[in-house]
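A note on names: the letters A, B, ... follow the listed sequences, proteins ahead of strands, and every chain is numbered from 1. These values consider heavy atoms only, across backbone and side chains, with no hydrogens, waters or symmetry-generated copies.
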Amino acid sequence: MAEDIIERTPLPEGYYLHNFLKLLDFVNERYDDMLIENEKQFYKTFTKLSEGAQRLYVRLVTRKGPYFRLDKVAYAEIPELDQAVDELELAGFFAVNPRLALPLALHTITKPELVDFLKDVPELSEFVNLSASKQQLVAEIASLEEAQVWALLEKRFTFLLPLYQETVEIYRLLFFGNLEQELSEFILEDIGVLRYEPYEIRDEDRFFQQRQVVEDLHAFTYANAELWDGLQSNHLEKVMAIGNWMLEQDPHDKLKGKYRRSFCHIGRFLEKFKLWEEALGFYQHSGLHPARERTVRVWEKTGREEASLVLLAEILENPFNEDEAEFAAMFAEKVKKKVGQPYQKQKRETFPTVSKSLEKEEGLNVEAIALNSYQQDGYEGFYAENLLWGGLFGLLFWDIIFMPIPNVFFNPFQRGPKDLFSENFREKRTEQIKKRLVEVASNNQLSVTIRQCYEEKFNTANYFVSWKRADLEQFVKIVEWVPREHLVAILSRMADNLREFRSGFPDLMLFGKEKGDYLLAEVKGPGDQLRPNQKRWFRFFQEIGIPYNVTKVSWADG
DNA sequence: CTCAGTTTCG
DNA sequence: TTCACACTGTCTC
DNA sequence: GACAGTGTGTCTCGAAACTGAGCG
Ligand SMILES: [Mn+2]
Ligand SMILES: [Mn+2]
């Protein structure tokens, strides 16, 4: 493969500063009207610093920190370190020994260093247990007289704190459109990790149109990160505090969707604590799916069946999506039955099922065991699920995904257009998609086409193609074995709404002896059941005549 | 010493 | 900050 | 056996360095 023979030339010294300046320049050029005075001043002052100072600032501002210990900072390409530090402090880019929070400063000191330090300082060591864990030690020190601890620490250590962090974040946000991506994106191509599609970015395409959105997104990103921390650590007070903060915000319309999604997560979290009314409040402010579903369920289990029936009727009238509609249809009958209203008996939906009694094997999941069994039955096959079908879509529609249409590409490091998962993705590319589907239906060289795309685009970032796990021969097998009208039907449905139809594909792709002889199998072990999106694909397969089944595995004794 | 989780770096 | 599954308890058939 | 709720592993670029904890 081509990537094996790429020689990696070492990156030029100070490459990170070069990239940082590229980022700043890109933003300055594009967003001059949106930068505030403070940010423009940052740029002016920064670019006047010596190269060593600039390098040191970028080195540290891109690290986690927030504190750094001067005695631990050393970079071969910054020989005059002390001089750079002085310069940065004088110019206001570093604070030296600012007293932020003790735990943050203690974080820069390893446990052995900390014990060593405490042993020399009887004023502190008499109050702490030196054999405690580091976490405890930090907590104990933090509970002592703060000014005294700071003074003692500063006698032994010098702490650096890069300033203008928020300014740098605003620049990053303006460049990437998010805070997940970092400066390291710039070198991924240089070092051969991956490539980015060279799509066209027009001068007038900007991720942000208003300063307000930049600031609102910045604030949201911070709050949301904290929120997720609270959700994952089961910290009720923290989640409540952030939730209430979020409720008080009045962000730009473009941010409302993000807040609403967070409200749903908060509601679910509060339900776990049986805080029904609080959860309902967040659902009411959300409005996104599954907020109404959760509202109905909470009402139902807290004796408000009548209200839930009214909301269920509203949902059925105007469902948010297929998932919500299916829920409402099912749950309405359940509630009617409960309150003694006439209801329709729910008929169980059945799908073609193959039952297999197989032996459990150490280290193999149920999908692999089922696949083994099918292979013994004479099938050829592999584990497919969403990655394979997504990958196939990504390869066959590559140029359409990266088509240069207005306002979808904003920086050189995107894995797809901004509207990839929006409802009007297809609408905006109607003709191209239509034409491509005709090609898929009729091109008798499709396996060649897919090989070419695979080779040409190998390791190029694409939201749908996971190169690490993609297997060209599997794509080729599908293209050769699955009847084209089936392929077209599946791909067309995906293109309709990539958010809804990128998931729910069956686990296994199985092939018989002759072309056209194939099967999609969703493996279900004991206790597992079909998910709503899996059922939706099955109904679609049924309609089209695509062969599929549920493979129910039970464990044989022995 | 090993081991696992995190952070840095190119 | 997604998707699918494992595991649990409850209810219904 | 269906359904609901809860929790977990997985996605991350990968190698190397660093850190803290537990073990013998
Ligand atoms: Mn699966
Ligand atoms: Mn499965």
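Taking the P atoms as reference points, D:dT10 lies 11 Å from B:dG5, given to the whole Å. Spacing between D:dA15 and C:dT1 at atom C1', rounded to whole Å, works out to 26 Å. With C1' as the reference atom, C:dC3 and D:dG14 are 25 Å apart, rounded to whole Å. Rounded to whole Å, the C1' atom of B:dC9 lies 22 Å from the corresponding atom of D:dC11. With C1' as the reference atom, B:dT7 and D:dT6 are 32 Å apart, rounded to whole Å. Annotation: D:dC13 and C:dA4 have their C1' atoms spaced 25 Å apart (nearest Å).
Taking the centre and axis of the six-membered ring of A:W537, the NZ or CZ atom of A:R531 falls outside the cone set by 45° and 6.0 Å. Stacking of A:R292 on the aromatic ring of A:Y283 is not recorded, the 6.0 Å distance cut-off and the 45° axial limit not both being met. Remark: A:K22 fails to qualify as a cation-pi partner of A:F186 under the 6.0 Å distance and 45° angle criteria applied to the six-membered ring. Stacking of A:R493 on the aromatic ring of A:F540 is recorded, both the 6.0 Å distance cut-off and the 45° axial limit being met.
Evaluation of the side-chain contact (heavy atoms from CB on, under 4.5 Å) rule for A:Q346 yields A:M330, A:E333, A:K334 as partners, not counting sequence neighbours. Under the salt bridge (Lys or Arg N to Asp or Glu O under 4.0 Å) criterion, A:E500 pairs with no residue, sequence neighbours left out. Partners of A:E226 according to the salt bridge (Lys or Arg N to Asp or Glu O under 4.0 Å) rule, which considers only residues two or more places apart in sequence or in another chain, are A:K238. Considering only residues two or more places apart in sequence or on other chains, A:D216 meets the salt bridge (Lys or Arg N to Asp or Glu O under 4.0 Å) condition with none of them. Not a single salt bridge (Lys or Arg N to Asp or Glu O under 4.0 Å) links A:K274 to another residue, sequence neighbours left out. Shown here are the side-chain contact (heavy atoms from CB on, under 4.5 Å) partners of A:A53, two or more places apart in sequence or in another chain: A:L49, A:S50, A:A84, A:E87, A:L88.
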Check nucleotides 15-19 of chain D for protein N or O atoms closer than 3.5 Å to its own N or O atoms and list the pairs.
from   : atom 1 : to    : atom 2 : distance (Å)
D:dT19 : OP1    : A:K72 : NZ     : 3.2

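Nucleotide D:dG14 holds its P atom 17 Å from the CG atom of A:D190, rounded to whole Å. Taking atom CG on A:N459 and atom C1' on D:dG14, their separation rounds to 12 Å, with Å as the unit. In this structure, A:E182 places its CD atom 11 Å from C1' of B:dT7, rounding to the nearest Å. In this structure, CD1 of A:I187 is placed 8 Å from P of B:dG10, rounded to the nearest angstrom.
For the pair A:F93 and A:P162, the minimum side-chain heavy-atom distance is 4.5 Å or more. At least one side-chain heavy atom of A:L498 sits less than 4.5 Å from a side-chain heavy atom of A:F464.
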Could you go through residues 108-118 of chain A and list every donor-acceptor pair under 3.5 Å that involves a side-chain atom there, pairing it with any protein atom two or more places apart or in another chain?
from   : atom 1 : to     : atom 2 : distance (Å)
A:T108 : OG1    : A:A105 : O      : 2.7
A:T110 : OG1    : A:E113 : N      : 3.4
A:T110 : OG1    : A:E113 : OE1    : 3.3
A:K111 : NZ     : A:A132 : O      : 3.0
A:E113 : OE1    : A:R69  : NH1    : 2.7
A:E113 : OE1    : A:K72  : NZ     : 3.3
A:E113 : OE1    : A:T110 : N      : 2.9
A:E113 : OE2    : A:R69  : NH2    : 3.4

Name the atoms and distances for all side-chain donor-acceptor pairs under 3.5 Å in residues 57-66 of chain A, with sequence neighbours left out.
from  : atom 1 : to     : atom 2 : distance (Å)
A:Y57 : OH     : A:L163 : O      : 2.6
A:R59 : NE     : A:Y16  : OH     : 3.4
A:R59 : NE     : A:E77  : OE2    : 2.9
A:R59 : NH2    : A:E77  : OE2    : 2.8
A:T62 : OG1    : A:V58  : O      : 2.7
A:T62 : OG1    : A:R59  : O      : 3.2
A:R63 : NH1    : A:Y75  : OH     : 2.9

Where protein sits on nucleotides 1-13 of chain D, one letter per nucleotide: B base, S sugar-phosphate only, - none, heavy atoms under 4.0 Å: -SBSSSS---SSB

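Residue order along DNA chain C, read from the 5' end via each residue's closest nucleotide, puts A:K258 first among A:K345 and A:K258. Where A:N533 and A:N224 each meet DNA chain C at their nearest nucleotide, the meeting point lying more 5' is that of A:N224.
D:dC11 makes up no base pair with any nucleotide shown, lacking Watson-Crick or G-U wobble contacts both under 3.5 Å.
Within 4.0 Å of A:Y75, counting heavy atoms only, lie sugar-phosphate atoms of the nucleic acid but no base atom. Across all strands, A:G525 comes closer than 4.0 Å to no nucleic acid atom at all (heavy-atom distances).
An OP1 or OP2 oxygen of B:dG10 is reached within less than 4.0 angstrom by a side-chain nitrogen or oxygen of A:Y15.
Of all the residues in residues 364-373 of chain A, A:V366, A:E367 reach under 4.0 Å from DNA chain C with at least one non-hydrogen atom.
When DNA chain C is scanned in the 5' to 3' direction for atoms under 4.0 Å from non-hydrogen atoms of chain A, the outermost contacting nucleotides are C:dT1 to C:dC13.
Counting only N and O atoms by type, the side chains of A:T551 and A:N549 include a donor and acceptor under 3.5 Å apart.
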